[in-house]
Amino acid sequence: MLFRSVTMSDNESAAATQEQLHGCPVIESRGQRVVLVPRADYVKVMKALVADGFDMLVDLTGVDYLQMPGRTVGAGVSPERFEVVVNLLSISRRERLRVRVQVPGDEPTIPTLFDVHPGSEAHERETFDMFGIVFEGHPDLTRILMPEDWHGHPLRKDYDPGRIPVQFKGANA
């Protein structure tokens, strides 16, 4: 059986049970199973999920929760500024699974999935480019959307977009 329930200790909520997958809490969000993976176990759990049949990485992106530091993530999971979200698909089982990994703002690094899912290469580059999350061990972690000399990461909540004045044809400057 892929998923199992684990009863919490007596000092925690008495009736609460937490579904687990490869030692990680599982929650449901918008009708989809979500696995909350610690950053240290990220690659190990992703390899185990491939062995379970989740062999297609549909997408990978980042989220900046700068303005939501006290949000609830899941049982026993401490919220961090950034989150890496990976959507997986098992074609043989016709099942989707979302993986969420908390990444601290003061050290926005996480291992690459390139060796597990080679198709993650462009997704990780885009997440690096837009959020500044570094994927350690990535074969070519360079900007993919912004120019190489661009300063900052445009999808960070503290990024200052600046202003470019709009000039209309025929208007006096």
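Remember, predicted model here, so these are calculated numbers, not experimental data. Just the heavy atoms: all of them, side chains too, but no hydrogens, waters or symmetry mates, feed the values below.
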Atom pair CD/CG of Glu124 and Asp129 - distance to nearest 0.5 Å
13.5 Å
Is any side-chain heavy atom of Pro25 closer than 4.5 Å to one of Val77?
yes
Taking the side chain as everything from C-beta on, heavy atoms only, tell me whether Leu88 gets closer than 4.5 Å to Val58.
no
Side-chain donor or acceptor of Gln18 paired with backbone N/O of Val26 under 3.5 Å
yes
For Val34 and Glu28: C-alpha separation, side-chain torsions, deciding distance, then whether side chain to side chain contact (heavy atoms under 4.5 Å, CB included) applies.
CA-CA 6 Å; Val34 181; Glu28 188 165 312; over 6 Å; no
Out of curiosity, does Val116 fall in the hydrophobic cluster containing Leu97 (side-chain heavy atoms, cut-off under 4.5 Å, transitive links)?
yes
Take His22 and Asp41 through the test side-chain hydrogen bond (donor to acceptor under 3.5 Å, both in side chains) and record every step on the way to the result.
CA-CA 10 Å; His22 299 294; Asp41 298 337; over 6 Å; no
The test is side chain to side chain contact (heavy atoms under 4.5 Å, CB included); show your working for Thr112 and Glu136 and say whether it passes.
CA-CA 6 Å; Thr112 185; Glu136 294 173 334; over 6 Å; no
Please answer whether the main-chain N or O of Pro104 pairs with a side-chain N or O of Arg81 as donor and acceptor at a distance below 3.5 Å.
no
Would you indicate whether Met146, at its atom CE, is surrounded by more than 12 heavy atoms from other residues, nucleotides or ligands within a distance under 6.0 Å?
yes
Working to the nearest 0.5 angstrom, can you tell me the gap between Arg96 CZ and Ile91 CD1?
10.0 Å
Determine, step by step, whether Val99 and Arg33 satisfy the side chain to side chain contact (heavy atoms under 4.5 Å, CB included) criterion, reporting the C-alpha distance in whole Å, the side-chain angles of both residues, the deciding distance to 0.1 Å, and the verdict.
CA-CA 9 Å; Val99 175; Arg33 249 186 197 145; over 6 Å; no
Start with the C-alpha gap between Arg98 and Gln32, add the side-chain angles, then the distance that decides, and say whether side-chain hydrogen bond (donor to acceptor under 3.5 Å, both in side chains) holds.
CA-CA 7 Å; Arg98 187 178 326 141; Gln32 187 177 39; 2.6 Å; yes
Reported CD-to-CZ distance for the pair Glu95 and Phe54, which is rounded to 0.5 angstrom:
4.0 Å
Show every donor-acceptor pair shorter than 3.5 Å between a side-chain atom in residues 67-76 and any protein atom, with sequence neighbours excluded, or say none if there are none.
residue: Arg71; atom: NH1; partner: Glu80; partner atom: O; Å: 3.1
residue: Arg71; atom: NH2; partner: Glu80; partner atom: O; Å: 3.2
residue: Arg71; atom: NH2; partner: Gln102; partner atom: OE1; Å: 2.7

Determine, for Arg39 against Glu107, whether the closest basic-nitrogen to carboxylate-oxygen distance falls under 4.0 angstrom.
yes
Run Val43 and Met46 through side chain to side chain contact (heavy atoms under 4.5 Å, CB included) and show every step you take.
CA-CA 5 Å; Val43 173; Met46 294 301 285; 5.6 Å; no
Minimal heavy-atom distance between Ser120 and Leu57, with the atoms involved, is CB-CD1, 4.1 Å
Which heavy atom in Cys24 sits nearest to a heavy atom in Val45, and how many Å separate them?
SG-CG2, 3.8 Å
Evaluate the ring planes of Phe82 and Phe131, with Trp represented by its six-membered ring, and classify them as parallel (under 30°), tilted (30 to 60°) or perpendicular (over 60°).
perpendicular
Quick one: closest heavy-atom pair of Gly152 and Pro154, and the distance?
O-CD, 4.0 Å
For the side chain of Asp64 and the backbone of Lys157, is there at least one donor-acceptor N/O pair under 3.5 Å apart?
yes
Just wondering, do Thr109 and Val103 contact through their side chains at under 4.5 Å, heavy atoms?
no
Hydrophobic cluster membership, Tyr65 vs Val85, 4.5 Å side-chain cutoff:
yes
Between Arg100 and Val86, is there a side-chain heavy-atom distance shorter than 4.5 Å?
no
Indicate yes or no for a side-chain donor-acceptor contact from His117 to the backbone of Gly119 under 3.5 Å, with no hydrogens or angles considered.
no
Hey, does Leu113 have a side-chain heavy atom less than 4.5 Å from the side chain of Leu60?
yes
To the nearest 0.5 Å, atom CD1 of Ile133 lies from atom OG1 of Thr61 at 8.0 Å
Phe128 and Phe135: which non-hydrogen atoms are nearest, and at how many Å?
N-CE1, 4.2 Å
Nearest 0.5 Å, what's the CG-OG distance between Asp55 and Ser90?
6.0 Å
For the pair His153 (side chain) and Arg156 (backbone), establish whether a donor and an acceptor sit closer than 3.5 Å, ignoring hydrogens and angles.
no
So how far is it from Glu121 CD to Phe114 CZ, rounded to the nearest 0.5 Å?
6.5 Å
Looking at Asp149 and Arg143, is any side-chain nitrogen of the basic one under 4.0 Å from a carboxylate oxygen of the acidic one?
no
